[in-house]
Amino acid sequence: MASIRKQKGSVIIIVLWTSVLLTVLITAMASAVRLSAITVSNNQDASIGRLAIQSAMNHAEMELLLERMPRPIGEQLEETEEGEIRTPAFRFNGQKLTLNYPKASNVIVRIYDHAGKININRIPRRNMQLLIEKRLGGQDADPEKVQDLLSAWTDWTDLNDLEGLNGAERDYYENLGNGYLPRNNPELDTIEEILHIRGFSELFEGVNLQAAFTIYGTTRTVNLNLATREAMELLPGLDDELIENIIAYRQIEDINNRAEIAEIVPFEQLQELSPWVGNATSSFYSIYAYLSIPSPQVENNTD
């Protein structure tokens with residue numbers, strides 16, 4: 001009898017352990033299946049999102065093509081409260097756009113005309129000096145430090161290896177930890193190249209260079225209708241309050257001339273700002289398309 005009870009006890013223990021192992025196995029399999037299902041769902045959402053963004057990019061490119069075509073006869077253009085027709089091309093200043101060809105409702109599209117950025121390949125030496133002075137504190141800027149940075153800029157963009165007074169040329173850059181050669185050409189290949197110039201990495205620390213600068217086009221001025229906030233923060237004569245006023249003004253009216261700028265910018269600051277501003281547009285644009293945040297599953301409905 002004792003032997004039979006031991007056998008029964010052993011069987012019960014085996015059954016219990018088997019049940020536990022099966023439970024663990026089933027739970028693990030269920031978790032794996034659930035994880036796989038979530039992964040498949042996330043991959044599907046990501047694929048749909050990528051398709052929606054790519055579609056929006058294509059529609060944004062069409063928007064630019066349409067802008068460069070002759071306007072249809074009888075087209076109703078946006079007007080100000082005074083009845084003045086607004087320039088459609090000025091909407092490419094980074095604002096959220098409603099496109100002629102509908103996009104997914106949770107995809108945001110922004111287009112930046114590069115006439116709203118500072119062209120570092122066309123900036124006159126005097127303007128570079130003013131920009132450096134503003135970054136170093138304006139009237140409180142150290143004149144010696146300003147001239148050192150300006151000399152380094154001049155040596156980087158001139159056509160020779162002759163070092164200017166307090167400048168930096170081939171010998172200086174080659175002797176750095178990871179040495180390199182200066183450009184020796186006024187045409188920079190990338191925006192980030194400016195950070196390789198002696199002292200400029202510190203000068204523009206914290207600045208979104210891609211938003212503030214461009215290397216494309218031939219214009220030397222910045223169109224305030226298109227100007228990015230980052231570019232305006234670098235322009236002499238503008239402070240945070242004036243930048244906000246410009247952004248608010250251009251939402252309801254175009255800025256067509258210096259007289260209209262004078263309605264926003266006081267005379268003294270306007271004197272500093274005038275050499276920097278113009279009314280041209282460019283043929284170079286940056287397009288951004290992304291899902292809105294929070295990002296629900298992309299729907300098929302359109303704007």
Side-chain angles (χ1 to χ4, degrees), residues 56 60 63-64 67 77-99 103 107-120 122-123 127 130-131 133-135 138 191 204 206-214 216-217 219-290 292-293 303:
E63 195 79 10
L64 292 173
E67 181 58 39
L77 297 175
E78 181 183 355
E79 297 181 356
T80 66
E81 293 181 356
E82 288 73 26
E84 296 180 355
I85 295 178
R86 305 202 62 185
T87 303
F90 289 166
R91 71 189 186 279
F92 301 136
N93 60 8
Q95 62 180 285
K96 291 193 292 186
L97 292 175
T98 300
L99 305 179
K103 57 179 178 55
V107 176
I108 295 174
V109 172
R110 302 178 189 271
I111 299 177
Y112 293 85
D113 186 325
H114 282 225
K117 302 180 181 185
I118 300 170
N119 193 328
I120 56 175
R122 298 292 178 268
I123 185 170
N127 279 17
L130 294 173
L131 190 152
E133 288 176 350
K134 181 173 182 180
R135 287 294 296 171
I191 299 297
F204 291 115
V207 175
N208 184 336
L209 299 178
Q210 290 293 335
F213 295 111
T214 182
Y216 302 111
T219 181
R220 294 189 171 193
T221 57
V222 176
N223 188 327
L224 291 181
N225 294 287
L226 301 166
T228 63
R229 182 184 300 274
E230 292 81 1
M232 287 191 284
E233 287 174 349
L234 297 178
L235 296 182
L238 295 183
D239 54 27
D240 291 341
E241 182 179 355
L242 290 175
I243 291 171
E244 293 298 332
N245 291 342
I246 290 170
I247 292 174
Y249 185 96
R250 73 189 190 186
Q251 288 177 348
I252 56 175
E253 290 190 53
D254 293 343
I255 304 172
N256 294 308
N257 50 56
R258 279 178 170 76
E260 293 181 357
I261 299 176
E263 296 178 17
I264 314 169
V265 181
F267 178 77
E268 185 175 345
Q269 286 95 323
L270 183 59
Q271 293 295 100
E272 298 180 65
L273 181 63
S274 288
W276 293 86
V277 296
N279 223 32
T281 59
S282 81
S283 300
F284 297 90
Y285 306 88
S286 295
I287 302 174
Y288 295 87
Y290 55 93
S292 59
I293 303 297
D303 292 335

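- Two residues are said to be in side-chain contact when any heavy atoms from C-beta on lie closer than 4.5 Å; Gln95 and Ile111 fail this criterion.
- Checked by atom type and distance alone, the side chain of Asp113 never pairs as donor or acceptor with a backbone atom of Gly116 at under 3.5 Å.
- Heavy-atom minimum distance, Val265 versus Leu270: CG1-N, 3.6 Å.
- Between Ile246 and Met232, the closest side-chain pair of non-hydrogen atoms falls below 4.5 Å.
- Once rounded to the nearest 0.5 Å, the distance linking CG of Leu209 with CG of Leu234 reads 9.0 Å.
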Mind running salt bridge (charged side-chain N to carboxylate O under 4.0 Å, His left out) on Glu67 and Arg91 for me, showing each step along the way? CA-CA 11 Å; Glu67 181 58 39; Arg91 71 189 186 279; 3.0 Å; yes
If you apply the rule ring pair (Phe, Tyr, Trp, His ring centres under 6.0 Å), what do you find for Phe204 with Phe213, and how did you get there? CA-CA 11 Å; Phe204 291 115; Phe213 295 111; 5.4 Å; yes
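- Residues Ile255 and Ile264 have side chains in contact (heavy-atom distance under 4.5 Å, counting atoms from C-beta outward).
- The nearest pair of heavy atoms linking Glu233 to Lys134 is O-NZ, 3.1 Å.
- Separating the OH atom in Tyr112 from the OG atom in Ser282 is a distance of 14.5 Å, to the nearest 0.5 Å.
- Side-chain atoms of Leu224 and Leu273, non-hydrogen and from C-beta on, do get closer than 4.5 Å to each other.
- Counting only distance, with no hydrogens or angles, the side chain of Arg250 and the backbone of Ala227 share a donor-acceptor pair below 3.5 Å.
- Here the shortest heavy-atom pairing between Asn119 and Gly217 reads ND2-O, 3.2 Å.
- Put simply, the side chain of Leu242 reaches to within 4.5 Å of the side chain of Gln269, judged on heavy atoms.
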Would you sort out whether Ile287 and Glu63 count as a side-chain contact (heavy atoms from CB on, under 4.5 Å), showing the intermediate values? CA-CA 11 Å; Ile287 302 174; Glu63 195 79 10; over 6 Å; no
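- With Lys117 contributing its side chain and Gln210 its backbone, the two residues share a donor-acceptor pair below 3.5 Å.
- Annotation for Asn93 and Asn225: closest pair ND2-O, 3.2 Å, computed over non-hydrogen atoms.
- The side-chain heavy atoms of Phe92 and Thr281, taken from C-beta on, include no pair separated by under 4.5 Å.
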Evaluate side-chain contact (heavy atoms from CB on, under 4.5 Å) for Val109 paired with Lys103, printing each intermediate quantity in order. CA-CA 9 Å; Val109 172; Lys103 57 179 178 55; 3.7 Å; yes
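- Judged by distance alone, the side chain of Thr87 and the main-chain N or O of Phe90 form no donor-acceptor pair under 3.5 Å.
- Arg110 places a side-chain N or O within donor-acceptor distance of the main-chain N or O of Gly94, the cut-off being under 3.5 Å.
- Side-chain contact between Val277 and Arg258 is present, with at least one heavy-atom pair separated by less than 4.5 Å.
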Take Trp276 and Thr221 through the test side-chain contact (heavy atoms from CB on, under 4.5 Å) and record every step on the way to the result. CA-CA 5 Å; Trp276 293 86; Thr221 57; over 6 Å; no
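- Between Ile118 and Leu235 there is a side-chain heavy-atom pair separated by less than 4.5 Å.
- Listed by chain and residue number, Asn127 satisfy the side chain to side chain contact (heavy atoms under 4.5 Å, CB included) test with Pro275 (two or more places apart in sequence, or in another chain).
- In this structure, Tyr285 has its ring center no closer than 6.0 Å to that of Tyr216.
- Leu99 approaches Ala60 most closely through the heavy-atom pair CD1-N, 3.9 Å.
- Contact detail for Ala115 and Leu226: the closest heavy-atom pair is CB-CD1, 3.9 Å.
- Taking the side-chain hydrogen bond (donor to acceptor under 3.5 Å, both in side chains) definition, one finds that Arg229 meets it with Glu244, sequence neighbours left out.
- We find the CG-CD1 distance between Asn208 and Ile191 to be 10.5 Å, quoted to the nearest 0.5 Å.
- In this structure, Asn223 contributes its side chain and Ala280 its backbone to a donor-acceptor pair below 3.5 Å.
- Judged by distance alone, the side chain of Glu253 and the main-chain N or O of Tyr249 form no donor-acceptor pair under 3.5 Å.
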